[in-house]
A.B. asks: 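Quick one: structure below, then a few questions.
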Amino acid sequence: MPTKSPRRQQSTLSSASSNNRTVRAQSKCSPHLDSYQAANGADHQSDRPVLPAEEYNPFAEWQHAEDPLQNNGGLEPEAGPSDYWKRGTPSLRSTIETAPINWRKLSDKPFDPDTVDDGPRDVFWTSHAAPLASQSLEDHPTNTNESDEYEYEKRLKEVMEHESSSTGSRMKGTSAHANGNGYDQTFAEIIGVNGNGDLMGEEEFGRMNSPQTDGVSERTLSITSKDPRYRISQPSNASPSAGKRASFIQIMTTTISSNQSTPFFVFHPLRRLSIHLFQKQSNLNAAQVTDQFTGKPTVMDIRGMIAVGTDRGFVAIYGFGQDLKQILGNEGSSRPARTSIALTLQQVLSGRREGHLQDSRIIHIGFVGARHTSIVSGDEYGRAFWWSLGKVIGVESNDVVRMLGSYPESGAEAPNHPSKRSTSLFAALPLPLDEETHTSDSFNLSALLTPTKLVIVGMKPKPRTWYRKMRENIGGGTGGLAGTAAWNRSDTKDPVLAYSWGVSVHVIYVKGDKEPEFVEGKTLHLQEPIRALQWYNANASVNKAPEAIAGSTKTTLQVGTLLHWNDRILSHVHQGDFLSAIQTALAYYENRAEGNTINLPDDLEERKVVVSTRLRELLLASLRWAFSPDRLRDDSHYGQGVDLTGLFEGLATASIEACLSMQDTTFLFDEAYDHFAQAGIQGIFLRLLEPYILSGRIRNIPPTIFQALISTHEGKGELDEAEAVIWNVDPTSLDINQAITLCEGHGLWDAMIHVYTRAMQDYVAPLVKLINVVRDIQQHRLNRPYLAGALDDQDLEGWAPNAYKLYAYVESVLSGSSYPSGEPLPDYEANAARNEVYSFIFAGRTISWPTSSDFVLTSDSVEPPYPYLNLLLRFDTEAFLHSMDIAFEDSYLNDTSGAINRQSIVNLMLDVMDPEYFHPGDITFLHIFVARNLPKYPQFLFIPPSTLHRILVSLASDPDQSTREDRQLAAEYLLSAYTPHDSDVMLELFDQAGFYRILRTAYRREHKWAKLISTLLKDPESDDQVFVGLDDIIKTASASSEVYTAVSDALPQLLSLGVRQTALLLDRDLPLCHGQAVEDLAPAPLKQMAYLRCLLEPDSEENGMRQPSAQVDLPLRHLYVRLLCQNEPDHVVNFLDARGPAFFDLQQLVNECEACRNFEGQLWCLDRQGKTKETFNTVGDILRATGTELNEAILADQVGTLHISLSTIQAVSKMATRLCQEHSQSSITGEVEDLWLGVLHEIIELVHTTSAIQLPGPADAINISMAALRGIVQETLASLVSSSSPSLSFPRLFKRLVNASTSTSPRSKKGRTYAEFRTILTGMLDSYRAEGEMLSMTTRLVEADLFEVLAELKKRRENGWSADLNNCAICGEPVIGSDVVVQARGTTLHSGCGRGASRDACNGRTVI
């Protein structure tokens, strides 16, 4: 047998979980194995050498039993995946035979997906056997990286040869033949693989040899074949129609639009092993024997071997070569070391035993900690137990703790009534051990997962629940139906638990030094419910969901291989999706690819070196295939009737992204762009490249590409886009001649300045170009003979915005920045640029540029001194001075020894701007500039006082109001550095100019308060601060007569600004002015009332006053009452009650209220004087007079007067009733009854009088009046009854009232009078009855609530209140002795602390 490479002796089939105990099998052969060997014979042993692993294998004969595939004519000695067995590193203790190289063969029979469940019986017949590939150890390099290179090159060669041959056979004679080489063949030519190699690993490359196979395996059905997400459109063998491209191009366009993803795992059936396990009865007799004695497989585990358990209790051990090693069977003579028998329900309910009930299937079991006798188990009814199995003097002594679940009710059997609360147990997982110990190991943690919660329980040192997580709505609709969990200890520092509910996967980290702490980690949401969960490594877990990943079918076992990074890239290559291949390689290069990084260096830089080589190969292969001469025609990107614009756009974008990531622009512009340019579609590349230039990701481009970009935009008239490209390209990449020609021809001044300054380092040329524009516009404005706004004028004025770019350019350069980007220039370059610009602008005469004979002129006539400074100031003085303001802040001008500094610049501008030739407004701008910079740079500027005085006068004399604020601010700056000698004259000048801030400062300094107040009021900008300023002035001046006079004179203006603010100001500072202020408001009574209300009824939130002002004299108080009587009569009594009788002159107030017909106020004042009899006589007079008015209104049908009279009667009645109630507290019975009798009698007389009126027409007015009057009688009687005075007798009073009413009525009206009393009395009784029922109902409700409260209180008192702590909750000292206070909520206090603390609402109770 050929020597195997060490790399071929590796395996990735490892343990499914790291916490399962390894069972050491005894070397006893099953008695049924001999019969099986006899049935099959052992004739194969003589045909093959004995491997070392077979020397001590007692089942060697069965291991070489005849394969059913060989009997059927199809030689397939090793059926399985191509090289899954060489992934990873197997255990050193494993003696499993390494798989041969040629264990997969091609098949000529197409695959039938309808018979997938028949498994090994679906034999793929082959006409000839594939030759065994002989390799030796020298075939592979020993170095890992070299081995990876060799493996990659070898597999690429196989793929390319296969694709070229199969594609050629399928497309022979069709239009595909005209397309030249296929993509894989082009790829193979680029990387130099032209020879024939051994076929291996086709399953991982996803080749499609038959239309009925999928893109994952061309020989056997993979699990992804059933998933439409992994299906790939297949090329047709028929010739394409005239309107379509070849089949290969169809694959390209389909894969580009589908955006399908490559699976991370590829599954392959283990054919030989499946034959031994799943062979049906109709096949070989050996299989019948196997099925009869070993049973059907039910469970599988992989740990350096493949162990398959059956339903008969046997375990078949296979090597990774799918050869049987051993069969572990049931030994009848063995006895278990520990036994725990299932219990009956009666045993459990007796309270003496704990454990699983009979007929409860145990579905979870696992070892806890390092002991072999500590176990966690869970059954199908959701009960979980912890078992500590032991023996005491030879007798079993087992400790059992129920961790989860409940038992059925008494009298029910367990199978019929599983538990009180039926549930399921998704997982019961003890924390596995690891080589390195962790703090959590000593707690014997176990994770229990149910449909409603996750709990982590620790059994040591005592049982305790350490963590609980309720599911709530996690996992969606299937969260309570599917759940899984898995621990990970092997690859992490801290234990990690992954668990799932439904479609959600969650991670928990177990941390902590002394006690375990549980930290929640990431959450993953899938599309399908998760059925199984297993950790793959520290960063990934395998989630098994329906139709996504499976381990077996009904009749086959399958193994999944993890795709390497090369495999994932090549899978896209085979599908013709080179864009996805490039994107996948780029993702690995940028370390953002999902999945594994097997065979890639851990160091990121080394990884980039490895991946970048593959990425360049992919790019080059893609470009050469896409731009094959036979694939394009007529120099267009429309290939054979199919529009491939999207394909080329994707290729351009992928090339740009990949090259930028690798920082390899040489390949981008030399290779990628060259392919597009040769095909005549460079426009696509340039259009996609431009956003990267504008965003700054690409700064350096070859001049040829720059020329192409500019020419493209210029041809389309896209001048703004061309200018943006010039801005964002590195200056060294510019084609200067082309850029300047374009900019000057189309007026792209910003781009032109960028080219001159950044590419040519010439800062004078932009000045010259723009000076010419300014000169032309200036001369046009001076010499135009027609009115402004003519057509020619508008055309030339359109260049004005370009002229203003000169000022922006000067500002940027003089401040040390580039234009137009604003980026800071290097110091040496910035200083050189400043020198050039200053020298040009402040040149005393014209200069020549670019040659000595080309003078830069500013006018057609004689050039003035300093021509360029003169021109810039004339064109726009304000813009130039703004640029100089920015330039003055630069430290470049700090050197006073140079020719250019701040002093020289100011002197030159003052000399050049002669008032005879410049507009006064421009002179003002210059003076503002000087005045503002003088105090900022006192050490650099010196200006004679005479010049400063002239500047100050100029600022104050300019009549232009639009510049008033700027001039005032400049004058303030100037006054901070200069003091004029004639201050009074200047103050008058400032007053005329409106420089009020300056005046206020001067008047305050000189204590001229009256002028200060007058200036404050005249300043339009100080309206919001007038009252604050006045308050400050009055306090500072101590309320002198000058201030009093000034404020008095200003009262009208102050009241117009704010009545309330003025009232508060005067009350606080000048209360003597209240009278004058109220007098000034006489034409506006409402303002008068608002002024006085602010003082007499202050609002604490608005005014900040809590008490009425004591500065308001009596006449103003009475004036306020009169104003209330006129405007708010209902508020009069409330105001009188609030202020009290002592606040007014009551006699005067009686007359004023009577004059205003405010009877309530009149009665209140009479009563407060102690004139009770006069008060109620007045009540009768008012009611009778008003009743007469009411009757007249009824007869005259005057609705307005009627309502006024009724409202007056109602108000007087209420006031009289109120006074009666106040006097009811008196002990003199006769007087109180007389008061009530008088009021009621007058009201009832009104009722009688009104009811006696007879109208010829409708009686609506009478009905309205009678309803209102009867309501007044009811309210009065109700008030009488509600008064709880002991001196009143309602029966006696009512009898007197009836007698008084009947005695004054004529005989003919007595019957009507009694009828009125009957109506009144009946209404009162009905009202009392309703109120009595309401009182009774309320009493019952209160008593019911009171009973519940008292019952709860009694219950608490009987139970007692337990103290939570032994320390006082207030002082913190221990509670010792009997003098203790225990509150209902459990708070403990010392009695002394309890008396000092506030009692809360929980009914604190003292217990002594």
Side-chain angles (χ1 to χ4, degrees), residues 175-176 178-183 186-187 232-233 235 240-260 572-573 575-586 618-660 667-695 697-698 701 704-705 707-718 721-722 725:
S175 59
N179 289 333
N181 295 336
Y183 174 69
T186 305
F187 198 5
I232 303 171
S233 301
S241 62
K244 296 184 178 180
R245 295 200 54 192
S247 59
F248 194 79
I249 303 299
Q250 295 174 20
I251 296 176
M252 297 292 298
T253 56
T254 303
T255 54
I256 292 172
S257 61
S258 63
N259 292 327
Q260 66 179 17
H572 292 295
V573 173
Q575 299 166 14
D577 190 359
F578 59 84
L579 297 182
S580 296
I582 295 173
Q583 292 169 0
T584 303
L586 182 60
L618 285 170
L619 290 173
L620 189 57
S622 303
L623 291 168
R624 291 188 180 179
W625 179 87
F627 292 100
S628 174
D630 296 332
R631 207 171 310 284
L632 301 173
R633 64 182 181 183
D634 300 331
D635 293 331
S636 68
H637 55 278
Y638 294 96
Q640 299 192 9
V642 179
D643 184 5
L644 295 180
T645 303
L647 185 146
F648 291 116
E649 289 176 346
L651 180 57
T653 302
S655 300
I656 295 172
E657 289 287 352
C659 291
L660 287 180
F667 181 90
L668 177 65
F669 298 126
D670 291 351
E671 290 288 346
Y673 175 73
D674 185 61
H675 280 82
F676 281 87
Q678 290 180 5
I681 56 173
Q682 65 273 16
I684 296 177
F685 186 90
L686 296 175
R687 173 167 53 84
L688 297 172
L689 178 69
E690 185 172 347
Y692 295 90
I693 297 175
L694 299 181
S695 63
R697 295 185 63 185
I698 297 179
I701 62 175
T704 54
I705 295 182
Q707 292 174 1
L709 270 173
I710 298 301
S711 300
T712 301
H713 287 305
E714 185 177 10
K716 297 179 181 180
E718 300 171 345
E721 288 77 1
V725 171

A.B. asks: Identify the heavy atoms of Ala581 and Val573 that sit nearest to each other, and give their distance.
C.D. replies: CB-CG2, 4.1 Å
A.B. asks: Only counting residues at least two apart or in another chain, list the ones meeting side chain to side chain contact (heavy atoms under 4.5 Å, CB included) with Glu657.
C.D. replies: Leu586, Thr653, Tyr692, Arg697
A.B. asks: To the nearest 0.5 Å, what is the distance between OG on Ser655 and CG on Leu660?
C.D. replies: 10.5 Å
A.B. asks: Taking salt bridge (charged side-chain N to carboxylate O under 4.0 Å, His left out) as the definition, give me every residue that meets it alongside Glu714, ordered by chain and number, with sequence neighbours left out.
C.D. replies: none
A.B. asks: Indicate whether the side chain of His572 and that of Gln583 have a donor and an acceptor atom separated by less than 3.5 Å.
C.D. replies: no
A.B. asks: Applying side chain to side chain donor-acceptor pair (under 3.5 Å), can you list everything that pairs with Ser711, at least two apart in sequence or on another chain?
C.D. replies: Gln738
A.B. asks: Tell me every residue that passes salt bridge (charged side-chain N to carboxylate O under 4.0 Å, His left out) with Glu649, counting only those two or more places apart in sequence or in another chain.
C.D. replies: Arg687
A.B. asks: Kindly write out the residues that satisfy side chain to side chain donor-acceptor pair (under 3.5 Å) with Gln682, not counting sequence neighbours, or none if the list is empty.
C.D. replies: none
A.B. asks: Taking only residues two or more places apart in sequence or in another chain, which ones pass side chain to side chain donor-acceptor pair (under 3.5 Å) with His675?
C.D. replies: none
A.B. asks: What pair of heavy atoms forms the shortest contact from Leu620 to Glu671, and how long is it?
C.D. replies: CD1-OE1, 3.7 Å
A.B. asks: Taking the side chain as every heavy atom from C-beta outward, state whether Phe676 and Leu686 have any pair of such atoms under 4.5 Å apart.
C.D. replies: no
A.B. asks: Which pairs count as salt bridge (charged side-chain N to carboxylate O under 4.0 Å, His left out) when at least one residue sits in residues 672-684, sequence neighbours excluded?
C.D. replies: none
A.B. asks: Search all heavy atoms of Ala654 against all heavy atoms of Ile582 and return the closest pair with its distance.
C.D. replies: CB-CG2, 3.9 Å
A.B. asks: Show, in sequence, the C-alpha distance, side-chain angles and deciding distance for Leu709 and Ile693, and conclude whether the side-chain contact (heavy atoms from CB on, under 4.5 Å) test is met.
C.D. replies: CA-CA 11 Å; Leu709 270 173; Ile693 297 175; 3.5 Å; yes
A.B. asks: Residues in ring pair (Phe, Tyr, Trp, His ring centres under 6.0 Å) with Tyr673, at least two apart?
C.D. replies: Phe685
A.B. asks: Looking only at non-hydrogen atoms, find the nearest pair between Thr712 and Ala708 and report the distance.
C.D. replies: OG1-O, 2.7 Å
A.B. asks: Run the numbers on Phe627 and Ile681 for side-chain contact (heavy atoms from CB on, under 4.5 Å), then give the verdict.
C.D. replies: CA-CA 10 Å; Phe627 292 100; Ile681 56 173; 3.4 Å; yes
A.B. asks: Which heavy atom in Val725 sits nearest to a heavy atom in Leu694, and how many Å separate them?
C.D. replies: N-CD2, 4.0 Å
A.B. asks: Taking all non-hydrogen atoms of both residues, which atom of Cys659 and which atom of Phe667 are closest, and how far apart?
C.D. replies: SG-CD2, 3.6 Å
A.B. asks: The criterion is side chain to side chain donor-acceptor pair (under 3.5 Å); which residues satisfy it with Glu721, sequence neighbours excluded?
C.D. replies: none
A.B. asks: Just verifying a value: how many Å separate Leu688 CG and Ile656 CD1, rounded to the nearest 0.5 Å?
C.D. replies: 6.0 Å
A.B. asks: Just how far is it from atom CG of Leu689 to atom CD1 of Ile701, taken to the nearest 0.5 Å?
C.D. replies: 6.5 Å
